[in-house]
Structures are given as C-alpha cells and as structure tokens.
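Here is the naming used below: chain letters follow the sequence lines, and residue numbers restart at 1 for every chain. All values derive from a computational prediction rather than experimental measurement. Worth knowing before you read on, the calculation uses all heavy atoms, side chains too, and leaves out hydrogens, waters and symmetry mates.
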Amino acid sequence: MPSSPSAPTPPAPSDFSPLPLPQPGLARLVSIAYPPLLLSAYAASFSSIIAAPAPALLTLLPLTAALQVFYAVLCLPLSAQNSNSKAQPAKAVQRKKSRHGDWIPRLSTALIALIISLSLGTAVLAITLVLFGAPITTHIPETLACAAHMALLAGVPLVYVHGVDAERWRAVAALLMPMDEVYGAAVGVLLGVWIGAIPIPLDWDREWQKWPCTIVTGAYLGWAAGKALGVGLRGKVVVV
Amino acid sequence: MHPQTRTILLTLANLLIPAGILVFAAGFFPYKPFLPGLATHHALAAPVPAPRFDRVVFMVVDALRADFVFGNASGFAYTQRLIRDGSALPFTAHAASPTITMPRVKALTTGSIPSFLDVILNFAESDTSSSLAHQDSWLAQLKAHNGGGRLVMYGDDTWLKLFPGLFARADGTSSFFVSDFTEVDFNVTRHVKRELRNDDWNAFIMHYLGLDHIGHKTGPHGPHMIPKQAEMDGIVQQVHEAMLKEPHLENALFVLCGDHGMNDGGNHGGSAPGETSPALVFISPKLKEISTGRECPTAPKEDFDFYAKIEQSDVVPTLAALLGFPTPLNNLGILIPDFLALWPDAVDRTQLLLRNALQLSNIVKAAHPSPVYANPKAEIACAGDLSSGQELACLWKSTHSAPPSSALEALYKFSRAAQSTMSSAASNYSITLLISGIALSALALGISVCATFSHKALLTPDGVVLALLSVLYAVMMFASSYVEEEQHFWYWSTGAYIAYLGVQNLRSTTPSKSSKSPSKPPRPSPLLPLLTLLALHRLVTRWTQTGVKHTGSPSITTFLTHPAQAPLLSACIVYTYIDTARALSTSLLTTFNPPPFAAWLSALAPTVPALLFRAAFTANDAPELLAWLGPGAVEMLAGLPLVPLARGVFALLAAQALVVLLRRRRGRGAEILPVLRALLTLLLLMQTRATNAPLFVLFRLSFTSLSALLSPARGARRAVKLGIAGLVLGRTAWFAMGSSNAISGVDLSSAYNGVSGYNVLAVGVLVFVGNWAGPIWWAFVCVEGLLESGGRGWVRREWEALGEEGGELGVYMGVLTVFTAGGLAAVQVACTVLRQHLFIWTVFSPKYLYAMAWGLGFHLLVGVLGGLGVWRVGRG
Ligand SMILES: [Zn+2]
Ligand SMILES: [Zn+2]
C-alpha cells in the first residue's frame, strides 16, 4: 500500500497534531536505544519461537509488555484526555514536564493501556488476522499469541497517547493521523505483518516458515522501521 | 492525452498482446519435425536376427502405478505368480511429464518423446496434426509387416483418434464420467474371449479406464481399488491361459502396462514419483528361458521404483526386436537389455542393438550433424570441453572402433547418451522467436502504460496499487513455488486491496472539522461492508484448497462432499439456483414491470431445467452426493437425457437474453444488466463444478459490499478501482474454484454439456467457460459497476457538470491491459531465463499455457470484447 506522502491528491488537513519528539536527555536516549534492545530480545528468543511458537511467544510476552510500558512512561506524552485541540498535547507535556512527581498517573495510564491492548486489542487483531487468511480451525494459540504481540507493539503506545477517544481512533483507522513515532510504529506493525506472510508458501522447507514465525518477525521489524520512519516523516499525513 | 489517442494506443496494445503470445509460443513449444514414412531394415552385412514372437497382446490399464502390480497390497495375485515363476518380466517404466493419456500412448507406440504441444492437443484430440496416421509406430509396422497384418483395439478411444483407420476391428469407449467404474471396462472385457479365439490379428490392444477413474474418484487406496486390480488380474489370467492352450497364441507376447501412474490424490499430469512410475510386465511362457523368476510382491527401491527402471519409450525397440520389425523412425527408446538373452548367438545380439543405435543416430545427426555418421573413421576432436552433440559423435565413433567383446557396451553407451540428449528439452527452443515474443509483449506493456498512466486518475494511490500489483506479480513469476501456489498471492493482495478500499472510504466519510464547508448528509459507515467483504473473501479462499502442496486438504468443499453432509451440499446448491432465480425475477420486475407471476414464471423457465440438469449430471458424475435421495431417485435422475437437457437450457438462456436485449428501453440499457447478469450466472452454473455453485451467492454478496465501499468514488477514479477489483477478485475466484497452474487443474467434466459428437470449438468454449466461470462473472459485474459510476438521471448530469466525467471505459480497459501485458511479459521472460531449469516442463510450461488462456481467452475475449459489449448495452 502506498504510504508516500507526496502523491498529488489534496490530503485532508489533519485535525490532529503529531506527538512532540521526546525531550533531549534520558527520554530521547531511551527512545533511540529501545528498538535495538527489543529486537535483540526478540532475536534471542527466535530459536525457541521456531521450536514451539505458542509457548515461546507467551514467554516473551511479559518482557515486551514491561518494556512497552517502560517506554511509554519514560518517552511518550500522556494521553491527551479526550482533548482534540491542536495545541493541547504539546501544552500538556509542557505542563507535566514541569512537575517531577507525575509518574503515578503515567504508570497507571500505561497499565490501563496495557490491559486494553491485551484484551480488546488482541481480540480485534486476532479476528483481523483470521480475516486476512490466518488458519481458523488450527493454530488458535499461535494466532492469539501473535495478535497479543501485535497489540503490545502497536496498541499500548497508541492507547497511551490517544486514550479511548472515538474520533481520534477513527482518524487512526482512516490513516488520517499525522506521522509520529507511535503512529509510524503501529502502521509499521500492520505492514510488517502483511509482508511477513510472503515467505510462507515458498518451497524452502525451513522450520521458520511455519505459522506464525514470519508474521511475528514482520511485526517486530515493521514496528522498529515504522517507529524510525515515523520520527523522520513526523507531521506528514499518509495519502491513500 | 486525448481520449481518442488513448483508444488508438490501447487498441494497438491489445493487438500486440495476441501477437506476442503466439510468437513466443511458436518458439517455446516448437512443432517437432518428425521423420515421415515407415522404417525399413537397414541393409547390413549380417541378416536381421530371427523374431521370437509373431503377435502381441497389448493391455494398457490406465494409471496402473508400479506398486499396484508389484507391491504388497495388490490385487494382481495371478500376475505376481507369473513374475515369481519366470513367465513374466517386471519393470517400472518411467513416464515423462505431462503424465496424461494421449502423450503417453504416443510414447508407448512411436517411442518418441511427445512435445508439450501434445498437451493442448490432448484436449483437442480430433485435431489431425496430433494423429499418428502418418507417423511410424509399432502399430504401423505391424500393419505393414509381412504383407499386411491386422490390428484390433478395444477400450479408450484415444487410440482410435491417434490411429484413424488403422484397426480392422475396434470398439472405443470414451471416459465421459469418472464415476463410471464398471461400464467402461465391461465394454472391453466383453470382446476379450472372442478375440483370443480369433487368429487373424497380429496385435490385440486393450485399454482399460476403470482403474484411472477409481483413482480420480477415491484415490489410490479407495475401497474399489483392490477389487478393480483383481478384475484386471482376471483378464491377465484369461489371456495367459489362452496363450498356454491355443496353438495360434503359442508365439504371442503379452504386454501389461500402465500409461502413467497417479499421485496420492489419485490424479496425474505432473511429475510426482507416483505419476511417472507406471508398471510394465512382459508375459510369455518363453520368457522362462531367460528368467528364473523374481521375488514378488516386493518393496520398492525408493518411492515407486520396482525392479529395473526403464523409459516408457524402450517398449518400442523391444517390441521391434522381439517381433522382428524395424525400429520406428522417431523412436528414442533403447532395447531392454534383459531380452538380449533370448538370442543365444552373440552376433545376433550385437546386430539388434546396432540396428537400434543406427536408427537413433539418424535422429541425432539431424539435430547435431557430424561427419562420423557418414564415415565412422572421420577425424573429430574428442578431448576437452565438448558439446553434447560432439560427445555423441565421439561415442558413435567409439562404437565402431570397439572390439567385438565390448561392442554391446559401446552401443549401449551411445544409445543411452543419445536418448538423454534428445529427450531433454534444451535443444528445442527457438531463441529468436522467444525474444521476439517478449519484445512484442514489452511493447504492448509500454504502449498501454503510456496510454493509461497519462490519465490523471492513475496519478493517484490507485495507480501505485496497480503498479505494485503488476510488479509483485512479475517478480513472483520467477519463483517456482509461487507459480505453483499462485493463489496465495491473490488471496493476500485481495485482502489488502479490500482494506485499502475500506481505509479510503473511511477517509472520505470522516467529517473534517477544519474544513468549514456546510455539513453534508452523513455517509454510511464503511465498517459493515468492509467486514462483510473481508469475511466473504475469507470464506471464498477457504472454499477449495488448490495449488500443489495442499491440494485436497480440508476445505469447505471436502467438508461438504463428505457423505454425511451431502444433503447440506444439495441444499446449498439448490439455494444458489433459487437465489439466482430471485435475482432474475426481481430485475425483470423492476425493468419491465410485468405482473409478478409472469416475472417468476420467466425466471423459473431456465432455472428449473438448469437445476434438473445439475441433478442429472451429478447423478451420473458423483452419485454418492445424491445417495441420500434413495437409489430409485438417483437412477431416475441418471436416466434423464443430458444432451437435450443442456441444449434446452442453453437455448432458453439465449432466447431470454435476446428478448431482454430487444425490449430494452432506449437510453436506459443499464437497467437490463441485472437481468443479463442473472442469466449469465445460470450459464456459468451449468459449466462449473457442482461444489462451486454456492460460490456465486458469495460473489453476489461480495459485489454488493464492494459497491458500497466504492460508493464515494466517481468517474475515472472509480473505473481504476473497479479495474483492479476485477483483477484481484476474478483471480481469487479462479483459484477458489479449484483451478491452479498445473495441467491437472483443468476441469473437463463439463466439456460435453449439450455436445453429442466431437466438436473442437464447442468443447473448447465449454471448457473455458467452465474453468473461468468466476473471473467471467467478475468481469461482467465490474463493467456493470462502471456504468453506475455516472449514476442515473439527474445525478449523472450533476457529475458531468463537476467535470469528473469522461474516459472511464478507456481507463478501465487500460488497467486490464497494463496488468495483462505486464504479467505476460514477466511469464515470458521467466520461461526464457529459466528454460534450462529443472522445473521448466512441470511448472513454467503449464504456466505459459495458462498465461495464453488468460491473455487470449480471458483478457481479449471476455475482458475487452465482452466488456465493450456490456458497456454498449448499458449505454444503449
Ligand atoms: Zn491415462
Ligand atoms: Zn486419469
């Protein structure tokens, strides 16, 4: 799917503004160092994922969840509290930055985002996977585990920064959100999953071609690439 | 670009496409020249060794895989005893791909490797160029032998088509319904006793089809398999006992063989070990002279390799030696070494092999000329890097310099090298024609890209989608596993395309707060049609498992065809017909406003006979699916006259279409398109497999959801989207209906609907419509959707005022042409680059045949000409 922001149709002007870049210092450092860290953790468990996908993905789940929560709390501005005004998120961050002891609302928001993503997000993404061709009569634990990882990667930061505002989520679904590291990562996860399906039918007869190894790998790689691109193309709106 | 220029360019591109297809095909499937005439004995110093037999009984059991005769679970008890006591010599005869009957019979009779063209001709059997009437074969030799022999033939009528007028007595059976396990074989067996008493023939050929049918129907381990093998074993016993008893059969040779094998699914056509390993047994009491018997039943060396593995064509020179006629001119087989022991004199043995090698050298020298074939003492270079032709020349030279003690060995070495070189595909391409074909297709691609992408509707994400689709498809053509499993590509890209349309619709319906425009009426949310379309897509892709790896694995079809679900399947099929009749009557009502009962009556007029035909056809083709009706009803249905019934339905559909076309109101032609669509659906339901019928309900629902998703798009942008939708949904439908890029994927079951005799054109059209039913349906509705793009009445005028009008048809055709030309060029380049590839005959050649059908049959006839027709009706 084209995600080039340069096509000539007039893009709908976005009603939303992108997230600000993480503050210089610890937050920015963590934001930059985090994707290689998570990818290495994934790579380290890759062989066990191939050996037994469902249990290994479940074992990896707490680590990814903890890291995503940590990343959200440290690097991302807090949910805009259902506010839609263009200036608000940045202002909110400004306000919150001034106080040092706001980690309790941050942590609780992140945990709520985690719960929503893991329950609702996993269910929605599992259904989506099935609609796009995931096996339905077999491999149910694998598909669910795959959806859970996708929900952690794409869902937790999105819920953390956008809350549960219907209008914002409609914009998320319509690809009308301006690019930033969270939105880029989410789009990257979906594209990565879609591209991850390509190697499965090839006749290489490798263990890793089995469901859902390539899919989860696509999700992690797409997440990292999308996060980086989201920073690079910050503020642009996808044209489709 | 001016619309007229675009039309001219697209017309040009669509003329270049068939030119490119045909030029490339001429280079890729060259017409193999064969040496005309009958072979005569070479005039050599030593006389022709005396024949050991004077007549042959040749029994072909279709799809007789090696393990059926030689394995442990076999019904061939009597044959196995003959193998153990030495009166039978067993072999596994390698059958080259394509493993379908006609090319295999050609190999078994002429000894040549049939060209791939024979595959097409297998489906157009009456074509005279495939006839062997003018080619040398062991049949022609026996007929001409000793002043005139007589041949008799019973069984598969392939033989009668291949050898017209050759047989003194014959009774052909055609394999019409694969559910026929007994009738086809009884038709052969009833002649056996009489012919064994006759002594006027010197070749008695039988070709039994029942075992092949059982394989197609229930696989190699089905419940009917062992009883059928025992039945065939009974024929072997009958013939063998007659050979022992009847004096005129004293010098008869009895050959039992399969023309090809079958895979684990019971099908054939490809090159799986099971398909290429038929059994071959030579039987005669005389063979006890040279054999003390073999262990039987036994285990295969690997896969299905029992005993010695020979080439199928080796049967031909072996028969020539044993019966004393010259080896047929185009033979590439080699005399089977085991039989040489029948000639005690070493000179005779060398003579036999020398005559075989001389005949092979005639073929070799035509392809690789060298002075040694005229003068074996000629000086040629035989060191260093040699081409295969030079190597053969050197081997030929060494047969003449070898001492008598190793002469046999040298002759075998030359013959084997000649066989493998001349049977390999590599030497046959015409590179010039291949490159010219690619150039023509590339030109068509270039022109269509210029004509299409110059429209502003393509300078959008839609244009990117089309480009991406074409490029990915082109890349995929170079991966053999993706060619075999092409359905995955279409299922994958169709899902993404639906999501893309959903996101676009969501964007255009999301109210933007920043724009200060007056609030428009709220558009319906795209969520419902999007989810419906995705769910329907998922259901459609699960309908049949196709491809190579997973064909026959659990799917909705395998579930529904299970005997326990047979009533449910019947209910689904009947519902499909009701659904279509309802669509027909509703559209008649809204268009012509007749009294409701009249609308229903005219809707039922073609539907009821069509359903009756379906039931009668199924009662013949797959009676187990109707078993729940009770044996009486099945018998009644099976007894209905199929040909008049099918003709009646076709006539009713045509008549109704004609009436509707003539009665349409001026300027409101689009109204009758739903009527025509329902009539088309009924026609396609006649031709598609019964289990595919319910898919048309899913297609109709999919189209409704697709229209809802596309509702915000207008004009040329809508045309682009519809063009791409037709491409991806049509391809998805094709694969979901069980088609694949393998030769065995062609469904021939509806080839003779309404046809009594053999008519190439009618059969070809019926096969095409049957196999392309899904894409034809989608091509129709996409043009129908295109006509809605302008809306009707005042809505249309409003859009024209908005300047979005114009060029829809041109853009739509441009999208189809760009993809077809691009895909074609990619397949051609892949076939050229990979022409030495191991998979060229099994994967890429069939793929090119399908690309031809898609390009010539589907794109040009259905997509472009049919599309233009529908457009004109809709606009007229
Ligand atoms: Zn056959
Ligand atoms: Zn068959």
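Distance check, rounded to the nearest 0.5 Å: CG of A:L176 to CG of B:L506 gives 7.5 Å. The OG1 atom of B:T541 lies 11.5 Å from the CZ atom of A:F132; values are rounded to the nearest 0.5 Å. Atom CZ in B:R542 sits 8.5 Å away from atom CD1 in A:I136 (nearest 0.5 Å). Summarising the geometry, atom CG belonging to B:L530 is positioned 8.5 Å from atom CG belonging to A:L131; distances are rounded to the nearest 0.5 Å.
No other option in A:A134, A:A197, A:A171 has as many heavy-atom pairs under 4.5 Å with chain B as A:A134. Ranked by heavy-atom pairs shorter than 4.5 Å toward chain A, the options B:P526, B:G495, B:G502 are led by B:G495.
Residues A:V239 and B:R507 share a closest heavy-atom pair of CA-NH2, 4.0 Å. What you find for A:A173 and B:V503 is that their closest heavy atoms are O-CG2, 3.8 Å. Nearest approach of A:L202 to B:A479, heavy atoms of both residues: CD2-CB, 4.3 Å. Contact between B:W492 and A:W194 at its shortest, heavy atoms only, is NE1-O, 2.8 Å. A:P201 and B:S481 make their closest contact through O-CB, 3.9 Å (heavy atoms, listed as atom of the first residue, atom of the second, distance).
Heavy-atom distances place both the backbone and the side chain of A:I198 under 4.5 Å from chain B. For B:T494, no part lies near chain A; criterion is any non-hydrogen pair under 4.5 Å. The contact between A:T137 and chain B is made entirely by side chain atoms (from C-beta outward), counting heavy-atom distances below 4.5 Å.
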